[in-house]
Structure formats: structure tokens, C-alpha cells
*Asks:* 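The structure's right below; bear with me while I get my questions together.
In what follows, chains carry the letters A, B, and so on, assigned in the order in which the sequence lines appear, proteins first and then strands, with residues in each chain numbered from 1.
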Amino acid sequence: MSQRSDSSTPPTRASDSHTTTSGVARTRFAPSPTGFQHIGGYRTALFSWLLARHTGGQFILRIEDTDTERTVPGAVDAIIEGFKWLGLDIDEGPEEGGAYGPYVQTQRRDLYLRYADELIAGGHAYRCFCTPERLQRVREEQRARNEPPRYDRHCRRLTPAEIAQRLNEGQSYTVRVAVPLTGKTVVKDILRPAEIVFENTSLDDRVLLKSNGYPTYHLAHIVDDHLMRVTHVLRAEEWIPSAPLHIIIYQALGWEPPVFAHVPDVLAAQGGKKLSKRFGALPLLEYRDLGYLPDAIVNYMALLGWSYDDKSNTLSREQLIAAFDLDRVGVAPARYDEERLLWFNGYYIRQLSPDALAERALPFLERAEAQGGLPDSVARPLDRAYATRVLLLEQERMRTLAEAPGMTAFFFLTETLTYEPQALIAKHMTAESALNGLRRASATLAALPAWEAAEMEARLRELVTELGLKPVQLFTSMRVAVTGRTVSPPLFETMEVLGRETSMRRLDEGIAALAAHAG
RNA sequence: GGCGCAUUCGUCUAGCGGCCCAGGACGCUGCCCUCUCAAGGCAGAGAUCACGGGUUCGAAUCCCGUAUGCGCUACCA
């Protein structure tokens with residue numbers, strides 16, 4: 001494995017975990033339960049999971065719910081359900097527990113308080129008694145002067161006596177990090193060759209502990225990642241600007257930072273914006289209802305920003321785990337492309353065994369008509385053996401499971417099909433010749449001893465020759481009569497599955513419809 | 001405004017100084033197969049490697065600048 005060996009190798013570390021794949025990686029996905037997670041979020045989670053699995057490490061799920069105002073009930077369950085559906089197993093998390101729990105931040109308050117105190121004691125943080133009103137006023141003034149809006153560090157200059165007095169008065173306060181006033185902070189991102197250097201003077205004394213006693217992301221994730229022994233932090237690139245702040249806090253606490261990998265955004269299909277709830281993103285679980293397969297989603301997501309080589313396209317989960325390497329994660333944003341996802345989905349549907357196909361598609365057939373299922377006139381539950389044979393005929397034509405009902409309805413309908421008479425007449429045929437062809441075909445099939453596709457085809461092709469037609473002419477008329485559609489799986493296999501009785505009845509109904517039309 | 005990240009076919013990408021007048025995949029076009037539609041096979045169109053300067057015998061690959069896009073700029077994450 002290639003290593004990023006250059007002068008930017010971080011300070012001393014016992015192991016060489018700053019290289020991409022040597023060593024066991026403990027990774028985490030740390031969403032905040034403020035809404036649904038979409039492909040973009042799960043793509044980052046997938047990379048983390050893949051890295052953990054590739055190195056034989058652990059994958060942790062941690063819920064960052066410190067913004068209690070924005071927490072949405074049910075969001076955690078949905079996030080976890082998404083992981084289950086995708087088949088990304090979690091080693092430590094709210095449901096699994098683990099040696100470094102709890103894995104929900106609101107249950108770890110005392111920890112953050114303790115480290116906030118430690119930072120204050122060390123002079124790396126300070127209490128800020130400023131009111132929201134003052135802060136806003138300061139920002140507005142700065143903006144008016146065309147200055148970057150930053151906290152003016154008013155409370156950083158408070159004397160011990162002043163602080164004691166305000167504390168005594170019971171004034172509420174936040175805790176802010178005391179960013180070094182000079183120097184630079186270097187952020188190392190393993191995905192990017194160059195160090196990212198920030199002037200400390202450009203940094204803000206961000207709030208670490210809110211006045212309600214909950215930590216902000218900046219404090220909480222650092223405490224957690226360190227205590228949970230996380231080795232690699234994969235997160236969205238929007239975190240790069242605050243990364244120097246995090247480095248400063250790690251240093252203040254005397255902790256070795258983990259390896260950072262800021263992964264590129266996934267962009268919405270339309271416009272150049274980041275995929276988000278507002279721009280083109282669907283909740284992941286929505287894809288389940290739309291008939292997508294987890295394997296397809298995983299394969300598709302893996303290739304958004306990561307690649308294996310110059311030709312591999314479809315990779316199984318096992319191959320993904322074996323091949324995944326941070327070295328091959330790119331840095332340019334990738335656009336969400338539904339056509340490509342659809343292709344992957346069709347591919348994975350085609351790979352399904354008959355049993356697996358039935359297992360996955362049956363729920364789509366059986367759900368209510370209003371939900372996209374088969375017409376309500378079709379009795380549920382479906383005969384599984386019959387449904388499986390039907391599904392097999394349409395398998396290579398489906399791009400999503402949700403397409404199954406529309407494609408297979410004619411296999412299940414018991415009522416008489418409605419025909420577009422004109423459709424029963426193939427190209428370069430007249431109503432008379434079409435009618436004659438159908439009648440002869442009906443008679444030929446009626447005389448068949450066994451209802452078997454190969455036999456039907458042999459006899460019917462003889463008939464085609466005898467009538468001086470082209471196969472497409474007779475078979476098109478028959479297809480419309482038997483299926484009610486101009487597009488269907490191969491005619492003879494379709495009739496075989498449909499059965500003698502139904503096939504013959506529809507043929508006759510088609511003949512009747514055409515006869516009525518021809519007058 | 002400030003700070004930061006990014007920039008190869010429409011899209012996802014390969015490429016880490018000569019193998020590239022740039023390879024693969026999706027999509028698109030045509031042909032083959034063929035009872036329709038798919039699937040499959042084959043072929044093709046499609047990228048002045050954002051632009052401009054360098055460095056080098058040689059640059060998509062290294063350096064600098066410009067442009068454009070995106071992100072951050074909350075007691076949200």
C-alpha cells in the first residue's frame with residue numbers, strides 16, 4: 001500500500017495510523033437527528049463503514065443531539081433503519097451499546113462539562129456573559145464596517161473579580177474557546193496533499209458550551225471521538241473551515257487528533273448546489289419504497305467520490321470491503337445521477353435468484369393499488385409460485401421493483417381485457433387477415449396436446465409460413481390479444497405461464513373484439 | 001466582504017512527468033441478435049484535460065496567477 005510519506009506527517013504517534021490503511025480503523029458516523037438522512041449523508045457513512053470493515057476495525061454510530069431545539073422525534077429510528085436496510089452493520093451505537101457509551105450526546109453532558117472546566121482551568125477557554133442581543137449588535141456593526149463578523153472577545157478580557165461577581169449574580173454564560181492570538185494552525189487532511197494553513201487571527205472564539213449547559217458540536221465531537229478512540233474522522237467538507245478550531249482544542253486538551261478525511265459533497269441533480277433536504281434529496285428510506293435494492297444503492301454510492309480502478313463498475317459488498325482505500329477517495333464534488341442509479345438497480349435486479357426476486361418484489365405487487373400495487377380486483381395474497389414465474393419473465397426488464405405491478409398486471413387480471421382494436425392489427429395487415437390469423441392460431445393452439453412454449457412456437461411458426469405472413473405480424477396480433485399490450489415478455493413463455501385456459505379465452509376475446517370492429 | 005475547498009467527455013470517473021492527439025461506466029446514436037420490449041454483443045459520437053503563464057528534452061500530471069463553482073462565516077450540526 002502506498003503511504004503518504006512526506007514532511008507533513010503529523011507529530012509522533014505510536015502507530016502509523018495516519019497512513020490510510022495500515023492499522024485498524026475505528027470510524028464513526030455522527031448525525032444529528034434533525035431530519036432525514038439522504039444519499040449524501042449515507043455515502044459518507046458508507047465510506048466510514050467500508051474503512052472500518054476493510055481494516056478489521058469498528059464502525060460506531062453516535063447521535064449528536066445537542067441541539068435539543070431542532071431534534072426531530074423519530075429521526076434516530078429512521079437513521080438506524082436506514083443502516084439496517086442498507087446492510088451496514090453497526091458495532092457500537094445507541095442500540096448496540098459498547099465499551100465507550102453512551103452513544104447519544106445528550107446522555108454525556110457531565111463529560112463535556114468536565115472538559116469545558118479543564119479548558120477553562122488551563123486558560124484555553126473562558127466564560128462569556130454576553131447576551132444574544134449584544135452579540136447580534138456587534139455582528140451588525142462589523143458587517144456595517146465590512147469586517148468579518150467575529151466575536152469581539154469582550155469577555156476574554158474580564159478580570160477574575162469581574163467573572164466572580166457575574167457568577168455570583170447568577171448571570172448565565174457560555175464557554176468559548178480562547179483561540180491563540182498569533183501564529184497559524186495547520187490542518188492535515190489525508191485526502192488532500194497540501195496542508196491547509198489557517199492564520200489564527202482569522203479564527204473565531206466559538207462557543208463550546210451553550211448557556212443551557214449543552215455542548216456545541218465543536219466540543220462534543222472532540223471529547224467523544226477521543227474517548228471513543230476514533231482513529232479516522234470522515235465528514236463532509238463543509239467542516240474544513242472549523243477544522244483548525246478543532247485542532248486547537250485537541251492541542252489544548254493534550255490529545256492527539258484523529259486522521260481527518262473531509263469527503264467531497266454530493267451535488268443535487270439540478271443546479272450546482274449540495275444535495276440537501278431543500279435541494280433534490282430524498283430520504284434514503286424513500287428509495288426502499290420506490291423499489292430500489294440496497295446493493296444497488298451501496299454500489300452506486302461507493303462510486304460517488306471513490307473508484308477502484310479504470311474499469312470496475314459493479315462491485316459486490318465483499319469486493320468493496322476488500323478494495324476500499326482512502327487513497328482512492330477523490331476530492332471533487334460528485335453530482336447525483338438518477339439514470340446511473342437506475343442502471344445499477346436494474347443490474348442488481350437481474351442478479352437476483354428467483355427466490356430473492358419473489359421475496360423482494362411480492363410486497364410491491366401486493367400493496368394496495370393506490371400505493372402502486374396490482375389492481376385491487378386481484379386477490380391477495382398472491383400465489384407465490386405463480387408470481388415467481390411471472391416475475392422471472394419481467395426480471396430483465398425492470399429497473400425498479402415498483403415497476404413490477406404495472407408490467408405484470410395482465411398476468412393476474414381475471415376480467416376481460418379491453419382492446420384497442422387497431423392494435424390487434426399488425427403492420428401491413430388488414431382486419432381480415434389479422435382476424436384470420438388469430439382464428440387459425442386459436443385452432444392450432446387448441447389442438448396442442450401439451451401447453452408448452454417450445455411446442456407452441458414450433459406449431460405457430462409453421463402456421464406463419466402457411467399463411468404467408470411474417471412472424472412479427474401474427475405474433476403481434478396474438479400478443480395484443482393475450483396481454484392487452486403491444487409490449488410484453490416473449491409471447492410463448494407468456495402464454496405458458498398464463499396457462500391454457502386464460503390464454504385461449506383471451507385469444508377468443510381478442511377475436512371477438514376484432515370481429516366486432518371489422519363489422 | 002473575509003476565509004477555505006474544488007475544477008478531465010452531458011454525468012460518475014481512470015490518470016499520480018513520457019504507456020494519453022486521454023481509458024472505463026451511465027446516458028445517447030447505429031448495427032447485430034430477435035415475435036414486441038428489454039437483456040446481451042459490436043461499433044460510434046462525445047473532453048482544445050477551466051483559462052493564462054511558467055518549470056522540463058517532454059505536463060492532464062509539478063509551480064504561480066486568473067476565472068468559475070461550492071462551502072463556512074450561529075449559544076445548528
*Asks:* Considering only atom P, compute the distance from B:C12 to B:G44 and round it to an integer number of Å.
*Replies:* 25 Å
*Asks:* Across the strands shown, which category fits A:Arg139 at heavy-atom distances under 4.0 angstrom: base, sugar-phosphate, nothing?
*Replies:* sugar-phosphate
*Asks:* So does A:Arg108 pair up with A:Glu64, basic N to acidic O under 4.0 Å?
*Replies:* no
*Asks:* Under a 3.5 Å limit for both distances, which nucleotide forms a Watson-Crick or G-U wobble pair with B:C37, could you say?
*Replies:* none
*Asks:* Atom OH of A:Tyr347 and atom C1' of B:G27: how far apart are they, to the nearest Å?
*Replies:* 19 Å
*Asks:* In whole angstrom, what separates A:Phe344's CZ from B:G27's C1'?
*Replies:* 13 Å
*Asks:* Would you kindly give the CG-to-P distance between A:Asp204 and B:C75, to the nearest whole Å?
*Replies:* 8 Å
*Asks:* Rounded to whole angstrom units, what separation is found between the CE atom of A:Met301 and the P atom of B:A25?
*Replies:* 23 Å
*Asks:* Donor-acceptor pair under 3.5 Å: do we get one between A:Arg335's side chain and the base of B:C12?
*Replies:* no
*Asks:* Could you work out which one of B:C37, B:C76, B:U13 sits closest to the side chain of A:Val487?
*Replies:* B:C37
*Asks:* Would you measure the distance from the P atom in B:A25 across to the matching atom in B:C42 and give it in whole Å?
*Replies:* 9 Å
*Asks:* Please confirm whether the backbone N or O of A:Leu267 pairs with a side-chain atom of A:Asp265, one donor and one acceptor, at under 3.5 Å?
*Replies:* no
*Asks:* Can you tell me the base-pairing partner of B:C20? Count Watson-Crick or G-U wobble geometry only, both distances below 3.5 Å, and say none if there is no partner.
*Replies:* none
*Asks:* Looking only at atom types and distance, does a side-chain atom of A:Asp204 sit under 3.5 Å from a main-chain N or O of A:Tyr151, one as donor and one as acceptor?
*Replies:* yes
*Asks:* What nucleic acid atoms does A:Phe492 come within less than 4.0 Å of, heavy atoms only: base, sugar-phosphate, or nothing?
*Replies:* base
*Asks:* Mind calculating the distance between CZ (A:Arg150) and P (B:G4) to the nearest angstrom?
*Replies:* 12 Å
*Asks:* If you measure from the C1' atom in B:C28 to the same atom in B:C9, how many Å do you get, rounded?
*Replies:* 12 Å
*Asks:* Tell me whether the NZ or CZ atom of A:Arg328 lies within the 45° cone about the ring axis of A:Phe324 and under 6.0 Å from its centre.
*Replies:* no
*Asks:* Classify A:Glu339 by what it touches in the nucleic acid, base, sugar-phosphate, or nothing, heavy-atom distance under 4.0 Å.
*Replies:* sugar-phosphate
*Asks:* With a non-hydrogen cut-off below 4.0 angstrom, is A:Leu491 in contact with a base, only sugar-phosphate, or nothing?
*Replies:* base
*Asks:* Both conditions, 6.0 Å and 45 degrees, for the charged tip of A:Arg166 above the ring of A:Tyr173: are they met here?
*Replies:* no
*Asks:* In whole Å, what separates the P atom of B:U8 from that of B:G69?
*Replies:* 15 Å
*Asks:* Do the side-chain N or O atoms of A:Arg350 get closer than 4.0 angstrom to the phosphate oxygens (OP1, OP2) of B:G40?
*Replies:* yes
*Asks:* Find out whether A:Val175 and A:Leu219 are in side-chain contact, i.e. whether some heavy atom of one side chain is under 4.5 Å from a heavy atom of the other.
*Replies:* no
*Asks:* With rounding to whole Å, what would you report as the distance between B:C32 and B:C51 at their C1' atoms?
*Replies:* 44 Å
*Asks:* Please classify the nucleic acid contact of A:Thr34 as base, sugar-phosphate, or nothing, using heavy-atom distances under 4.0 Å.
*Replies:* nothing
*Asks:* For A:Ser32 and for A:Pro471, find the nucleotide of RNA chain B with the closest heavy atom, then tell me which residue's nucleotide is more 5'.
*Replies:* A:Pro471
*Asks:* Please check if the number of heavy atoms outside A:Phe129 that lie under 6.0 Å from its CZ is greater than 12.
*Replies:* yes
*Asks:* Establish, with yes or no, whether the OP1 or OP2 oxygen of B:U36 is under 4.0 angstrom from a side-chain nitrogen or oxygen of A:Ser488.
*Replies:* no
*Asks:* Check for me whether the distance between the ring centres of A:Tyr112 and A:Tyr214 falls short of 6.0 Å.
*Replies:* no
*Asks:* Please work out if A:Gly346 contacts a base, only the sugar-phosphate, or nothing of the nucleic acid, heavy-atom cut-off 4.0 Å.
*Replies:* nothing
*Asks:* Strictly below 4.0 Å: does A:Thr486 bring a side-chain N or O up to OP1 or OP2 of B:C37?
*Replies:* no
*Asks:* Which value, in whole Å, describes the distance between the P atoms of nucleotides B:A60 and B:A50?
*Replies:* 10 Å
*Asks:* Can you tell me the Watson-Crick or wobble partner of B:A59, both distances under 3.5 angstrom?
*Replies:* none
*Asks:* Looking only at the side chain of A:Val472 (C-beta and beyond, no hydrogens), which of the listed nucleotides B:C35, B:C5, B:G23 gets closest?
*Replies:* B:C35
*Asks:* Which atom names give the shortest non-hydrogen contact between A:Val263 and A:Arg192, and what distance separates them?
*Replies:* N-NH2, 4.4 Å
*Asks:* How many Å lie between CD on A:Glu493 and P on B:U36, as a whole number?
*Replies:* 14 Å
*Asks:* Map A:Asn146 and A:Val207 onto RNA chain B by nearest heavy atom, then report which one ends up closer to the 5' terminus.
*Replies:* A:Asn146
*Asks:* Looking at every strand, decide which applies to A:Pro264 at a 4.0 Å heavy-atom threshold: base, sugar-phosphate, or nothing.
*Replies:* nothing
*Asks:* Is the phosphate of B:G1, meaning OP1 or OP2, less than 4.0 Å from a side-chain N or O of A:Arg143?
*Replies:* no
*Asks:* Remember a base hit wins even if backbone is also touched, and classify A:Pro149 as base, sugar-phosphate or nothing at under 4.0 Å, heavy atoms.
*Replies:* base
*Asks:* Measure the distance from CG on A:Leu424 to P on B:U36 and round it to the nearest whole Å.
*Replies:* 17 Å
*Asks:* With respect to the phosphate group of B:A77, does any side-chain polar atom (N or O) of A:Lys210 fall under 4.0 Å of OP1 or OP2?
*Replies:* yes
*Asks:* Please classify the nucleic acid contact of A:Thr174 as base, sugar-phosphate, or nothing, using heavy-atom distances under 4.0 Å.
*Replies:* base
*Asks:* May I have the distance from A:His218 (atom NE2) to B:A74 (atom P), rounded to whole angstrom?
*Replies:* 10 Å
*Asks:* Applying a 4.0 Å non-hydrogen cut-off, can you work out what A:Trp239 is touching in the nucleic acid: base, sugar-phosphate, or nothing?
*Replies:* base
*Asks:* Please tell me whether A:Phe475 and A:Phe492 form a close aromatic pair, meaning their ring centres lie under 6.0 Å apart.
*Replies:* yes
*Asks:* Please classify the nucleic acid contact of A:Arg328 as base, sugar-phosphate, or nothing, using heavy-atom distances under 4.0 Å.
*Replies:* sugar-phosphate
*Asks:* Classify A:Pro31 by what it touches in the nucleic acid, base, sugar-phosphate, or nothing, heavy-atom distance under 4.0 Å.
*Replies:* nothing
*Asks:* From the list B:A77, B:G24, B:C5, which nucleotide is the closest neighbour of the side chain of A:Arg70?
*Replies:* B:A77
*Asks:* Could you give the distance separating B:U11 and B:G27 at their P atoms, to the nearest angstrom?
*Replies:* 16 Å
*Asks:* Identify the nucleotide, in any strand shown, that forms a Watson-Crick or G-U wobble pair with B:C70, with both distances under 3.5 Å; if there is none, say none.
*Replies:* B:G4
*Asks:* According to the Watson-Crick and G-U wobble definitions, with both distances under 3.5 Å, which nucleotide is paired to B:G27?
*Replies:* none
*Asks:* Scan every strand shown for a Watson-Crick or G-U wobble partner of B:A47, both distances under 3.5 Å, and answer none if you come up empty.
*Replies:* none
*Asks:* When you compare B:U61 with B:G4, how far apart are their P atoms, in angstrom units rounded to a whole number?
*Replies:* 23 Å
*Asks:* Which is true for A:Leu474 with a 4.0 Å heavy-atom rule: it touches a base, it touches only sugar-phosphate, or it touches nothing?
*Replies:* nothing
*Asks:* Answer with base, sugar-phosphate or nothing: what part of the nucleic acid does A:Pro215 contact at a heavy-atom distance below 4.0 Å?
*Replies:* sugar-phosphate
